[in-house]
Number of protein chains: 2
Amino acid sequence: MKFSHKLSDAVHILAFVYVYADGDLSSNAIAASIEANPSMVRRMMSTLVKAGLLNSQPGKVALHLAKAPEDISLLDVYLAIEDNRNLLHVDEKTNPLCIVGGNIQGTLNGIYAQVQNAAEAKMAQVSLREIIDDILTRQAQK
Amino acid sequence: MKFSHKLSDAVHILAFVYVYADGDLSSNAIAASIEANPSMVRRMMSTLVKAGLLNSQPGKVALHLAKAPEDISLLDVYLAIEDNRNLLHVDEKTNPLCIVGGNIQGTLNGIYAQVQNAAEAKMAQVSLREIIDDILTRQAQK
DNA sequence: CCAACTTGTAACTATATTAATAACTTGTTG
DNA sequence: CAACAAGTTATTAATATAGTTACAAGTTGG
């Protein structure tokens, strides 16, 4: 498959909604910033709304964050958008009759879960506020 | 794309070489345990040899670990095998004229690097020895 | 009320990355 | 030298993703 950049696009949407709160927040405008398809943006918006990170109204341009940006972590977005998908993946087709093939899936699942926890703990430490601040700092330095 | 399980297969090869040190270590035998293609196994073997984790001899079945299993970390295998090392990926096609689109790539690259570091630090803590021990423990408990 | 917009879905297509396959060269061994 | 092994390269198949198209349903201003 292609590498997923859904997480990046979801953060993009949330940051956009906050930075351009008084501007055009239609799916078309957001899609132009992401350089993605408006339909894809709407799909993602819908997911973020269901996850309780974003509020919207059908038929109206009325997008705003459901929480303050300091109360939305990168992990919140990750869990909302990536459908709890794992960063590492075991090979689920190994020979059960072999000592290694018959046990390595359980072993690696445990280890991968630890790696996943470490990554998620780091994501939990990053708030949307920090991301937006960094974006604005970078813009100011241009 | 499909989800990659190269890391799992590479660990599988190394564990197999250690556990079945006195058995059949041909690419065909290993492929049967992974339930993968012998050619794929040989390619992976080749990569592991080049990374200094495995020793082999062309034309001969003479596979053995290049280091003691306690001196090979999961991170070593990860860095050897995964050519695209990043777990998270920025969307590289965003509108540079937008405040968000023009800066978010740099912002997220920095954050994703932190997440990557956290994940790799955890991988560095896991040795092949622990993985093999866990496999053998699971086998003994069957 | 209706034309022109919007969000929200669903189905389909295109693309990218991977694993699998096949074929070949080179090296080893009995 | 026959049989088999590692090592390599090229091609194909599989699959998760983004992109596209289409349309239903809600909103709004004239």
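Letters go in sequence order (proteins before strands), and every chain restarts at 1. The analysis underlying the following values was restricted to heavy atoms, covering all of them including side chains, and did not include hydrogens, waters or symmetry mates.
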Enquirer: Does OP1 or OP2 of C/dG8 have a side-chain N or O of A/Ser56 closer than 4.0 Å?
Expert: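 For C/dG8, OP1/OP2 do have a side-chain N/O of A/Ser56 under 4.0 Å.
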
Enquirer: Could you give the CG-to-P distance, from B/Asp9 to C/dA19, as a whole number of Å?
Expert: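 Result: 7 Å.
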
Enquirer: Once you round to the nearest 0.5 Å, how far does CG of B/Leu108 lie from OG of A/Ser8?
Expert: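 Rounded to the nearest 0.5 Å, the CG-OG separation comes to 5.0 Å.
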
Enquirer: Is any side-chain heavy atom of A/Ile30 less than 4.5 Å from a side-chain heavy atom of A/Tyr20?
Expert: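 Side chain of A/Ile30 against side chain of A/Tyr20, heavy atoms only: no contact under 4.5 Å found.
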
Enquirer: Closest heavy-atom contact between A/Ile135 and B/Ile99?
Expert: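 It is CG2-O, 3.5 Å.
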
Enquirer: Report the residue (B/Asp91 or B/Ser39) whose heavy-atom-nearest nucleotide on DNA chain D is the more 5′ of the two.
Expert: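 The residue mapped nearer the 5' terminus is B/Ser39.
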
Enquirer: Rounded to the nearest Å, what distance is computed from the CG atom of residue B/Leu7 to the C1' atom of nucleotide C/dA19?
Expert: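 Computing the B/Leu7:CG to C/dA19:C1' distance gives 16 Å.
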
Enquirer: Both atom distances under 3.5 Å, Watson-Crick or G-U wobble: I'd like the secondary structure of DNA chain C as a dot-bracket string, with | for pairs made across strands.
Expert: ||||||||||||||||||||||||||||||

Enquirer: Specify the separation, in whole Å, of atom CE of A/Met40 and atom P of D/dA16.
Expert: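 These atoms are roughly 18 Å apart.
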
Enquirer: Examine distances only and state if a side-chain atom of A/Asn109 and a backbone atom of A/Gln105 form a donor-acceptor pair shorter than 3.5 Å.
Expert: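 Such a contact is found between A/Asn109 side chain and A/Gln105 backbone.
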
Enquirer: For DNA chain C, determine which residues of residues 97-105 of chain B have any heavy atom closer than 4.0 angstrom to one of its atoms, and list them numerically.
Expert: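 Nucleic-acid contacts, sorted: none.
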
Enquirer: Just to verify, what does A/Val126 make a side-chain contact (heavy atoms from CB on, under 4.5 Å) with, not counting sequence neighbours?
Expert: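 Only A/Leu74, A/Ile131, B/Ile111 meet the side-chain contact (heavy atoms from CB on, under 4.5 Å) criterion with A/Val126.
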
Enquirer: Rounded to whole Å, how long is the line connecting atom NE2 of B/His5 with atom P of C/dT17?
Expert: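 It works out to 17 Å between those atoms.
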
Enquirer: Please name the residue in the list B/Leu53, B/Asp76, B/Thr47 that meets the side chain to side chain contact (heavy atoms under 4.5 Å, CB included) test with B/Ile81.
Expert: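 Among the candidates, only B/Thr47 passes.
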
Enquirer: Between C/dT7 atom P and A/Leu54 atom CG, what is the distance in whole Å?
Expert: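 That distance rounds to 11 Å.
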
Enquirer: Could you pull out the protein-nucleic contacts involving nucleotides 26-30 of chain D (nitrogen or oxygen on both sides, under 3.5 Å)?
Expert:
residue : atom : partner : partner atom : Å
D/dG26  : N2   : A/Gly59 : O            : 3.3
D/dT28  : OP1  : A/Lys60 : NZ           : 3.1

Enquirer: Can you sort out which residues in residues 42-51 of chain B have a heavy atom within less than 4.0 Å of DNA chain C? Ascending by number, please.
Expert: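 Heavy-atom cutoff 4.0 Å gives B/Arg42, B/Arg43.
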
Enquirer: Could you check which residues of residues 22-38 of chain B get a heavy atom under 4.0 Å from DNA chain C? Sort them by number, please.
Expert: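 Under 4.0 Å from DNA chain C: B/Ala36, B/Asn37.
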
Enquirer: Please name the residue in the list A/Ile13, A/Ile72, A/Ile132, A/Leu128 that meets the side chain to side chain contact (heavy atoms under 4.5 Å, CB included) test with A/Tyr18.
Expert: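 Of A/Ile13, A/Ile72, A/Ile132, A/Leu128, side chain to side chain contact (heavy atoms under 4.5 Å, CB included) with A/Tyr18 is met by A/Ile132 alone.
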
Enquirer: Have a look at B/Thr107 and tell me which of A/Asp133, A/Thr137, A/Asp134 forms a side chain to side chain donor-acceptor pair (under 3.5 Å) with it.
Expert: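 When side chain to side chain donor-acceptor pair (under 3.5 Å) is applied between B/Thr107 and each of A/Asp133, A/Thr137, A/Asp134, only A/Asp134 qualifies.
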
Enquirer: Report yes or no: does B/Gln116 contribute a side-chain atom to a donor-acceptor pair with the main-chain N or O of B/Leu87 at less than 3.5 Å?
Expert: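 Checked: pair present.
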
Enquirer: Is any side-chain heavy atom of B/Phe3 closer than 4.5 Å to a side-chain heavy atom of A/Asn86?
Expert: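 Not in contact.
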
Enquirer: Is the shortest side-chain heavy-atom distance between A/Ser4 and B/His89 below 4.5 Å?
Expert: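 Answer no - side chains too far apart.
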
Enquirer: Do A/Val115 and A/Leu88 come within less than 4.5 Å of each other through their side chains, counting heavy atoms only?
Expert: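 SC-SC contact between A/Val115 and A/Leu88 confirmed.
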
Enquirer: Is there a side-chain contact between A/Lys50 and A/Leu48 in this structure, where contact means two heavy atoms from C-beta onward sitting under 4.5 Å apart?
Expert: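 A/Lys50 vs A/Leu48: side chains apart.
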
Enquirer: How close or far is atom P of D/dA6 from atom CG of B/Asn55, stated in whole angstroms?
Expert: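 After rounding, the gap between these two atoms is 15 Å.
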
Enquirer: May I have the distance from B/Phe3 (atom CZ) to D/dA14 (atom P), rounded to whole angstrom?
Expert: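 Rounded to whole Å, this separation is 18 Å.
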
Enquirer: Mind calculating the distance between CG (A/Leu87) and P (D/dA16) to the nearest angstrom?
Expert: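 Rounded to the whole Å, the gap is 17 Å.
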
Enquirer: Would you call B/Val100 and A/Ile34 a side-chain contact if the rule is heavy atoms closer than 4.5 Å?
Expert: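 A side-chain contact is absent here, since even the closest heavy-atom pair is not under 4.5 Å.
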
Enquirer: Without swapping roles, check the side chain of B/Lys122 against the backbone of A/Tyr112 for a donor-acceptor pair under 3.5 Å.
Expert: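 No: the side chain of B/Lys122 does not pair with the backbone of A/Tyr112.
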
Enquirer: So, A/Ser73 and A/Gln125: side-chain donor and acceptor under 3.5 Å apart, yes or no?
Expert: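 A/Ser73 vs A/Gln125: no donor-acceptor pair found between side chains.
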
